[in-house]
Amino acid sequence: MTETSYGPAETTSPNFIQKGISDEAVASFIEMGFSSEMIARAIEETGGANSEPRMILETLFNYSASTEASSSKSKVIDHFIGMGFPEENVIKAIQEYGDENIDDIMNALLTYAEVDRLGETKDVNINTTDDDDNLYSLSSDDDEDELNNSSQEDSILQALIKMDYSREEAAIAIERCGEDASVEEVVDFICAAQMARQFDEFFAEPDKKEPMNNSKKRRTYNEPPRRERKPNTAMANDQLIYLPKEMIGFGVPNRPGLMMNRAVPVPDIACGPPFFYYENVAMAPKGVWATISSHLYDILPEFVDSKHFCAAARKRGYIHNLPIQNRFQIQPQPHNTIQEALPLTKRWWPSWDERTKLNCLLTCIASAKLTNRIREALEKYDGEPPLQVQKQVMYQCKKWNLVWVGKNKLAPLEPDEMEKLLGFPRDHTRGGGISRTDRYKSLGNSFQVDTVAYHLSVLKPLFPNGIKVLSLFTGIGGGEVALHRLQIRMNVVVSVEISEANRNILRSFWEQTNQKGILREFKDVEKLDDNTIEQLMDEYGGFDLVIGGSPCNNLAGGNRHSRVGLEGEHSSLFFDYCRILETVRHKARQMRK
DNA sequence: CGAACAATGAACTATTAA
DNA sequence: TTAATAGTTCATTGTTCG
């Protein structure tokens, strides 16, 4: 990865920019995640100075498609890097053992990791090298209290911890699988255990079957501790759904734990068509997801953190009746770390800020005064500030998602950076008279496109001739952008969105991407009555997909004022989602007869 | 000038999980 | 304990447009 310019005054452009291709075009390719080398090659191949941006883009897509399909080697490399092994070790192992035998590579990597670890422990105090790469390699300094155990069992434990399993979980799994078990076996065990746990949690009925004072009742490890405080009585009889420790849903790319089938199948009554896809915040007040699930055919939510897809966290629950096999990612894939996604920040990132992922992108940003105060505080010190100061700065960085934009200079994300992290095209929310504040608001309330597209990708082979979509709470069109980037043709989109600014954004996206299908816009889900829905279905021949995430204002943790649960003023619109979905499904059944 | 709108910054707060 | 969290309200200042 070559760093080029970092400020408007710099004029050191890469060579290919002089060849008649506009800077903007090149910048947008880089924006999309293609490397300078690839772009140069694509320009060369499509006619040099005379090539058109469209042709270049097509060629670039072909590159990424072909590397995806033909190079099993790069796939294997990605696989192991995804597990958390350092890239250099992965390449070394593949050079040594080829890319065929996964087990051999795994064993080699474990050996390297072991060697590295022993090496590290010897020179613990020589940790303050100026090597920038240190920032981006996985740090495992926090394991210093457990040294000198080089048994196979321990190396497997280390590997599992590197894969982000908890020490406790990994240790239990190793114990159950026996000393001689391979890493794969242990991972399989953990996955099976996760599935079983999901199943148990969904079906366990603590209130009915066993009295709560039965202390023998086995508690799952992520069950919250019992409190003296009385639980919310409105929810006391509801079945609770617990959040999984690792928010990977039915699986995310490049990580272990991919499920081939749901632990709890979709009940017959909810099986498509039409398909539906519902989304909301994962960390809603207790009992909310149980209620949501009970209103959506008791389908178990899929909880996914978008940090597995991009450089920002976004913990969300999704309830849908889509198949889960053969999912794929949209291309080009987003950058995986803050430093890759925002390359201009890399230069200013201090070594004591170890973040590689941002926290959840919200609707509010930090004040300029705050970042200025931090700058003034940091300027007092020549080198690294004292630990206590570092700690306070990091607290603010994490709280407000600040990034380094200059020496001692922090700033909140710009709207275009949020667009990029969320998987939208550049300037998706720009123009059309929308204020900056409203851009933040709309973006903060949006889908993460790569995550949603991964789930929706299963629709591509099912609808080769395009689909008809009913999009509720459309917002800035996260679902539509996902479908577009999946190259699934949208024959009809009936969109319901209350905000005029957001409707404008979707309409201009529709025009800019030359959509041939019909875009029909409504304002208010509450006013979309059953008659209208049936008329629309008659007119268009039904819907193939009902997609939407209902308001989370009254569920979100950030809300100090009215976090009152699903019945809140805004969040209760969820019930309109249910009403509309059921109307569509009922009508669809009638139309099939 | 003055109304309307946009931006700013601070003070709010509690549930949940690890 | 620490950490995270698609947020709301309100006073104030800035900006635009007749």
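Quick note on labels: first sequence line is chain A, next is B, and so on, each numbered from 1.
- Whole-Å rounding puts the Lys441(A) NZ to dG7(C) C1' distance at 9 Å.
- Distances shorter than 4.0 Å separate some side-chain N or O of Asn359(A) from OP1 or OP2 on dT5(C).
- When distances run from any side-chain atom of Ser367(A) to the nucleotides dT9(C), dA10(B), dT5(C), the shortest one goes to dA10(B).
- For Lys399(A) and Asn359(A), the side-chain atoms include no donor-acceptor pair closer than 3.5 Å.
- Remark: P of dA3(C) and CH2 of Trp400(A) are 17 Å apart, rounded to the nearest angstrom.
- Taking atom CD1 of residue Ile241(A) and atom C1' of nucleotide dT15(B), one finds them 17 Å apart after rounding to whole Å.
- Distances shorter than 4.0 Å separate some side-chain N or O of Ser435(A) from OP1 or OP2 on dA7(B).
- Taking the side chain of Cys364(A) as heavy atoms from C-beta on, and the options dG7(C), dA4(C), dA10(B), the nearest nucleotide is dG7(C).
- Using modelled atom types, one finds a donor on one side chain and an acceptor on the other under 3.5 Å when comparing Thr474(A) with Ser495(A).
- Between dA4(C) and Arg314(A), no contact under 4.0 Å exists linking OP1 or OP2 to a side-chain N or O.
- Side-chain proximity of Arg560(A) to the nucleotides dG9(B), dA18(B), dT13(B) is greatest for dT13(B).
- For the pair Asn372(A) CG and dT8(B) C1', the interatomic distance rounds to 14 Å; values are reported in whole Å.
- Contacts of Arg436(A) with the nucleic acid, taken as non-hydrogen atoms under 4.0 Å apart, involve only primed sugar atoms and P, OP1 or OP2.
- Here, dC12(B) and dT5(C) have their P atoms 23 Å apart, quoted to the whole Å.
- With distances taken from any side-chain atom of Lys315(A) to the nucleotides dA17(B), dT8(C), dA4(C), the minimum falls on dA4(C).
- Taking for each of Thr363(A) and Tyr395(A) the nucleotide of DNA chain C with the nearest heavy atom, the 5'-most of the two is the partner of Tyr395(A).
- Atom C1' of nucleotide dA3(C) and atom CD of Gln392(A) are separated by 16 Å, given to the nearest angstrom.
- Across all strands shown, the partner of dG2(B) is dC17(C), judged by Watson-Crick or G-U wobble contacts whose two distances both fall under 3.5 Å.
- At whole-Å resolution of the value, CE in Met283(A) and C1' in dA3(C) are 9 Å apart.
- With the nearest nucleotide of DNA chain B identified for both His561(A) and Gly433(A), Gly433(A) has the one nearer the 5' end.
- Where Ile434(A) and Pro285(A) each meet DNA chain B at their nearest nucleotide, the meeting point lying more 5' is that of Ile434(A).
- Counting non-hydrogen atoms under 4.0 angstrom, Lys399(A) reaches nothing in the nucleic acid.
- With 3.5 Å as the limit, one finds no donor-acceptor pair spanning the side chains of Glu500(A) and Asn502(A).
- Within the 4.0 angstrom heavy-atom criterion, only backbone atoms of the sugar-phosphate kind lie near Ala368(A); the bases stay farther away.
- The side chain of Asn445(A) lies closest to dG7(C) when the candidates are dA4(C), dT15(B), dG7(C).
- Residue Ile365(A) contributes atom CD1, which lies 7 Å from atom P of dT8(B) at whole-angstrom precision.
- The side chain of Lys245(A) lies closest to dA18(B), out of dT5(C), dT9(C), dA18(B).
- Distances from the side chain of Tyr242(A) to the nucleotides dA17(B), dA4(C), dG7(C) place dA17(B) closest.
- In this structure, Asn559(A) places its CG atom 10 Å from C1' of dA14(B), rounding to the nearest Å.
- Neither side chain, Tyr440(A) nor Asp438(A), offers a donor N or O lying under 3.5 Å from an acceptor on the other.
- The distance from the CG atom of Asp353(A) to the SG atom of Cys397(A) is 5.5 Å, given to the nearest 0.5 Å.
- In the set dT8(C), dA7(B), dA10(B), dT8(C) carries the atom at the smallest distance from any side-chain atom of Asn553(A).
- Between Phe575(A) and His295(A), the ring center distance clears the sub-6.0 Å criterion.
- The neighbour count for Glu569(A) CD, taken as heavy atoms of other residues, nucleotides or ligands under 6.0 Å away, does not exceed 12.
- Side chain of Lys369(A), nearest nucleotide from dG9(B), dT5(C), dT8(C): dG9(B).
- Candidate nucleotides dA7(B), dT15(B), dA4(C) were compared by shortest atom distance to the side chain of Thr437(A), and dA7(B) ranks first.
- Within 4.0 Å of Glu279(A), counting heavy atoms only, lies at least one base atom of the nucleic acid.
- If you check every strand for non-hydrogen atoms under 4.0 Å, Ser550(A) touches a base.
- Arg439(A) comes within contact range of no nucleotide atom at all, as no heavy-atom separation falls under 4.0 Å.
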